[in-house]
Student: 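First, the structure itself, so that you have it in front of you.
For reference, positions follow the sequence shown, starting with 1.
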Amino acid sequence: NAQNRGILYQTRAENSSDPTRRTAYLRQAAASVEECLAIMLEMGNQVGAALSYMELGKTYRLLGDFEQAEKQLHQALQLHESLNIPDVFKTYWNLAALARDRGNAAAAAQWQAKYDAKRAELDARNRADGAGQAANPLANPQLVQFVAALAQAAYQARAANASLPPEAAEALAELMEQPGALGQIGLFLSAIVAGEAVPAVPAGLPPQLTDILQALVAAL
């Protein structure tokens, strides 16, 4: 919620023609995103922290505080690249925008090239995933969304040292009973919830499911 409020304030600032109001909105955006970042760091959620650092970098760039913007964006970059988070392209774009604002055309071109290359890679991957969905039922968008929701519930349960909510626990139990890869995903998530040593991500899954489970591992 704090992150979303920050993005809302950013949007209001970008749509405002009043410099004073624009600055006030951006200050509110920074405060909200910093609140979210503190929560993410306390939880050890590096994926969430990467997004907060990126949003802070954008906010400080819009405020004209280029040094602080660069600091936050490089924090985001370090996490995005070390965890291999696909959203790294957004950080590349913000670094390119920062370089342009500073009048550094050479650096802007370098970051823009990295942005373009990553977007092309992701677009090609998405096209390949779409072509393979008919042949691989595990790539079904509804199933991917289901696993993502269970992974989020598993993360929250482990972080809070608590049990899954009843509906999530029932869904996980049903998943564990499925044959093949689905059952392996269920066992993987069950180990996460139980506080056991983090197991290896099951092999042979579609990229969408592998990304979800790898992001979960990275966040723990």
Student: Got a second to check how far Tyr25's OH is from Gln10's CD, nearest 0.5 Å?
Tutor: 14.0 Å
Student: Between Tyr92 and Leu77, is the side-chain contact (heavy atoms from CB on, under 4.5 Å) condition met? List the steps.
Tutor: CA-CA 8 Å; Tyr92 293 152; Leu77 182 66; 3.5 Å; yes
Student: Distance only, no hydrogens: is a donor on one side chain within 3.5 Å (strictly under) of an acceptor on the other, for Ser52 and Gln3?
Tutor: yes
Student: Decide, yes or no, whether a salt bridge links Lys118 with Glu121 under the criterion of side-chain N to carboxylate O below 4.0 Å.
Tutor: yes
Student: Tell me whether the count of non-hydrogen atoms from other residues, nucleotides or ligands lying under 6.0 Å of CD in Glu196 goes above 12.
Tutor: yes
Student: Quick one, Leu150 and Ile185 - any side-chain contact, counting heavy atoms below 4.5 Å?
Tutor: no
Student: One pair to check against side-chain contact (heavy atoms from CB on, under 4.5 Å): Glu67 and Asp65. What are the steps and the verdict?
Tutor: CA-CA 6 Å; Glu67 289 188 9; Asp65 188 343; 4.3 Å; yes
Student: To the nearest 0.5 Å, tell me how far Gln110 CD sits from Asn104 CG.
Tutor: 8.0 Å
Student: Is there a path of hydrophobic side-chain contacts, each under 4.5 Å between heavy atoms of I, L, V, M, F, W or Y residues, that connects Leu205 with Leu187?
Tutor: yes
Student: Count I, L, V, M, F, W, Y as connected when their side-chain heavy atoms are under 4.5 Å apart, and connections chain through other members. Are Ile212 and Leu182 then in the same cluster?
Tutor: yes
Student: From Leu63 CG over to Thr23 OG1, what is the distance, rounded to the nearest 0.5 angstrom?
Tutor: 6.5 Å
Student: Quick check on Asn161: does its CG atom have over 12 non-hydrogen neighbours (other residues, nucleotides or ligands) under 6.0 Å away?
Tutor: no
Student: Considering residues, nucleotides and ligands other than Asn15, do more than 12 of their heavy atoms fall under 6.0 Å from its CG?
Tutor: yes
Student: If you measure from CD on Gln46 to CG on Leu79, what distance do you get to the nearest 0.5 Å?
Tutor: 5.5 Å
Student: Do you reckon Met40 sits in the same ILVMFWY cluster as Ile7, going by side-chain contacts under 4.5 Å, direct or chained?
Tutor: no
Student: Does the Arg5 side chain pair with the main chain of Ser32, one donor and one acceptor, at a distance under 3.5 Å?
Tutor: no
Student: Applying a strict under-4.5 Å side-chain criterion to I, L, V, M, F, W and Y, I'd like to know whether Leu51 and Leu98 cluster together.
Tutor: yes
Student: Quick one, Pro199 and Ile192 - any side-chain contact, counting heavy atoms below 4.5 Å?
Tutor: yes
Student: Do Asp116 and Arg119 meet the salt-bridge criterion of a basic N to acidic O distance under 4.0 Å?
Tutor: no
Student: With a 4.5 Å cut-off on side-chain heavy atoms, are Thr59 and Arg61 touching?
Tutor: no
Student: Does Gln145, at its CD atom, have more than 12 non-hydrogen atoms belonging to other residues, nucleotides or ligands within less than 6.0 Å?
Tutor: no
Student: Would you compute the distance between atom CG of Leu95 and atom CG of Leu73 and round it to the nearest 0.5 angstrom?
Tutor: 4.5 Å
Student: Once rounded to the nearest 0.5 Å, what's the spacing between atom CG of Leu209 and atom CZ of Phe188?
Tutor: 11.5 Å
Student: Does the side chain of Tyr53 come within less than 4.5 Å of Leu37's, by heavy atoms?
Tutor: yes
Student: Taking the inter-plane angle between the rings of Trp111 and His74 on a 0 to 90° scale, is it parallel (under 30°), tilted (30 to 60°) or perpendicular (over 60°)?
Tutor: perpendicular
Student: Under 4.5 Å between side-chain heavy atoms, hopping through other hydrophobics if needed: is there a path connecting Val217 to Leu172?
Tutor: yes
Student: Evaluate the side-chain proximity of Asp101 to Phe66: yes if any heavy-atom separation is below 4.5 Å, no if none is.
Tutor: yes
Student: Among Asn94, Val33, Asp87, which residue meets the side chain to side chain contact (heavy atoms under 4.5 Å, CB included) test with Met54?
Tutor: Asn94
Student: Is the backbone of Arg12 close enough, under 3.5 Å, to the side chain of Ser16 for a donor and an acceptor to pair up by distance?
Tutor: no
Student: Assess whether side-chain contact (heavy atoms from CB on, under 4.5 Å) is satisfied between Phe89 and Leu122, documenting all intermediate values.
Tutor: CA-CA 9 Å; Phe89 73 90; Leu122 293 175; 3.6 Å; yes
Student: Going through the checks in order, is the side-chain contact (heavy atoms from CB on, under 4.5 Å) test met by Val193 and Arg158?
Tutor: CA-CA 5 Å; Val193 173; Arg158 184 175 180 123; over 6 Å; no
Student: Could you verify whether a donor N or O on one side chain and an acceptor N or O on the other, from Gln68 and Gln72, lie under 3.5 Å apart?
Tutor: yes
Student: Are the charged groups of Arg102 and Glu70 less than 4.0 angstrom apart, N to O?
Tutor: yes
